[in-house]
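Take a look at the structure below.
Counting starts at 1 for both ligands and their atoms, in listed order. Given the structure is predicted, the values throughout are model-derived calculations rather than measurements.
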Amino acid sequence: MNFRDSEFVEGLLLEDGFRKAGSFDKADVILFNSCSVRKHAEDRLFSNIAELAALKKKNPQLVIGLMGCAAQNYSDKILEKSPLVDFVCGPGNETDIPAIIADIMENRCPVIATNKVNDKRPEFFPEYRSSSFKAYVSISEGCGNFCSYCIVPYVRGRERSREAKDVIREVKDLARRGFREITLLGQNVNSYGGYKILKKGRSKGQGLIKLLTELNKIKGIERIRFLTSHPKDASPDLFRAMRDLGKVCEHLHLPAQSGSDRILKLMNRGYTSKRYLKLIEEYRKSAPGGSVTTDIIVGFPSETKKDFNDTRRLMEKVRFDGAFIFKYSPRPPARSAGFKDDVPKEIKQERLKTLLDLQCAISLEKNLPMKNKIAQILIDGYNIKESQVTGRTRAGKVAVFEGRKDLIGRFVDVRIESVSPHALKGRIVK
Ligand code: 5AD
Ligand code: SF4
């Protein structure tokens, strides 16, 4: 989502006559896009800004701006915390950035723009995309789930779905411009509410299913992905739709967060580990070769050894293809920031390491059956040093193989010759 926001603002600035500077010392404007989901990201942000002190001293006309979630979170407090910053712009105010920069260049007065946190983003946006063949398409903004550890509802506002007709128009336009893969973005895509008619009476998950059905018809688009699903709103209907809609890729990102029902309740997640396991079973029935990935938090307040073992067991049972595992950090004003952060740092670290090791072994085990199989890869990267290209399978697995840079954006068939936990290695056959 942050990637898409950066691209969006980059497009606005290019349309406004700016060009990419290439390096900090050549820039008139330096813009940080920030994340505040975990404390670590915020800490890095402040040290990155502080590193610009010498540059700003040399060039007092330099404009330093901060956009994104941390901008929203700190708002005017940023100016005390980091006096180098000229403007702060929350996610809802991004379209104002060109005007804010013009204002600062003229008046040299700091600007705080964080008032539109719950507004719908206007339906005009620049054509600019950083890729020419794969694109992120936002279908909803914000979130109203209020998981107790999560800052998103406060910094990105409540959930607002874009209207289906606008999303479809955007994807048709991308297809016309030659894009092949799209990834639909939302904090909880399963509660997508962009079809007015579906709002009455029918389950929330139907909105996403209908949207996927429509997008599946668009000529030129060959792969459709979506992120992120929420277990409380994901349904077997969605998994069947994934099976039946040929362009929808067989990858489900379904954050479990914990395997302990007590912790899930404290997290306000709205499901139990039993329901989670049942969902995975349903998914695997509908998409036998499909991959499933997750997010896990260790060291949530009051997490005991037993709670942690429940999470470990959940991971052992599900056998995820991949998992993002995080140490809990309090994120005021999220509700759990009021709970005692009582799992010691070392225990959090130990639990993190245990799960990372476990997941590494499982990821390898999940990749092994790919050996000697042929996978369709959309090539999206090139490594000059190794003369290798990289890309992803439909299931979202990274593949690496010999190839030329001009293959970027093409689909190829690759025979997988060896696998590691995080990548498949092979050779192009077609
Ligand atoms: N501490 C640690 N991890 C968090 N996440 C969200 N909030 C926190 C927090 N306070 C993780 C969740 C979420 C992912 C994007 O970040 O696992 O799914
Ligand atoms: Fe945060 Fe929960 Fe919303 Fe995800 S669903 S963005 S974790 S509040």
- Item | Ring centre gap for Tyr154 and Phe146 strictly below 6.0 Å | yes
- Hey, is CD1 on Ile384 packed in by over 12 heavy atoms from elsewhere, all under 6.0 Å? no
- Message: Applying a heavy-atom cut-off of 4.0 Å, say which part of Asn188 lies close to ligand 2: side chain, backbone, both or neither.
- Response: neither
- Any idea which atoms of ligand 2 are less than 4.0 Å away from a heavy-atom of Phe146? 8 (S)
- Heavy atoms of other groups near Lys120 NZ, more than 12 under 6.0 Å: yes
- Message: If we only consider heavy atoms of Gln257, is any one of them less than 4.0 Å away from an atom in ligand 2?
- Response: no
- Item | atom 14 (C) of ligand 1: nearest protein contact (heavy atom, Å) | Asp295 OD2, 3.5 Å
- Message: Please determine whether any non-hydrogen atom of Lys39 lies less than 4.0 Å from an atom of ligand 1.
- Response: no
- In terms of the angle between their ring planes, are Phe8 and Phe125 parallel, tilted or perpendicular, with boundaries placed at 30° and 60°? tilted
- Can you list the ligand 1 atoms lying under 4.0 Å from a non-hydrogen atom of Phe326? 3 (N), 11 (C), 14 (C), 16 (O), 17 (O)
- For Gln257 and ligand 1, does the shortest N/O to N/O distance drop below 3.5 Å? yes
- Check Cys143 against ligand 2 and report side chain, backbone, both or neither, counting heavy atoms closer than 4.0 Å. side chain
- May I ask you to decide whether Arg262 forms a salt bridge with Asp310, counting only side-chain N to carboxylate O separations under 4.0 Å? no
- Task: Could you list the atoms of ligand 1 found under 4.0 angstrom from a heavy atom of Tyr328?
- Result: 1 (N), 2 (C)
- Please report which non-hydrogen protein atom sits nearest to atom 2 (C) of ligand 1, along with the residue it belongs to and the distance in Å to one decimal place. Lys327 O, 3.3 Å
- Query: Do you see a donor-acceptor pair shorter than 3.5 Å between the side chains of Asp321 and Ser291?
  - Reply: no
- Query: At what distance is the nearest protein heavy atom to atom 6 (C) of ligand 1, and which residue and atom is it?
  - Reply: Val37 CG1, 3.4 Å
- Message: Salt bridge check, Lys265 against Asp261: does any charged N sit closer than 4.0 Å to a carboxylate O?
- Response: no
- Message: Quick test of your reading of the model: are Arg121 and Glu170 salt-bridged, counting only N-O distances below 4.0 Å?
- Response: no
- Message: Could you identify the single nearest non-hydrogen protein atom to atom 1 (N) of ligand 1 and state the distance to 0.1 Å?
- Response: Ser329 N, 3.1 Å
- Glu250 with Arg394: basic N within carboxylate O range, under 4.0 Å: yes
- Is there an N/O/S atom in Cys150 that lies less than 2.8 Å from atom 1 (Fe) of ligand 2? yes
- Message: Distance under 4.0 Å to a non-hydrogen atom of Arg331: what atoms of ligand 1 satisfy this?
- Response: 10 (N)
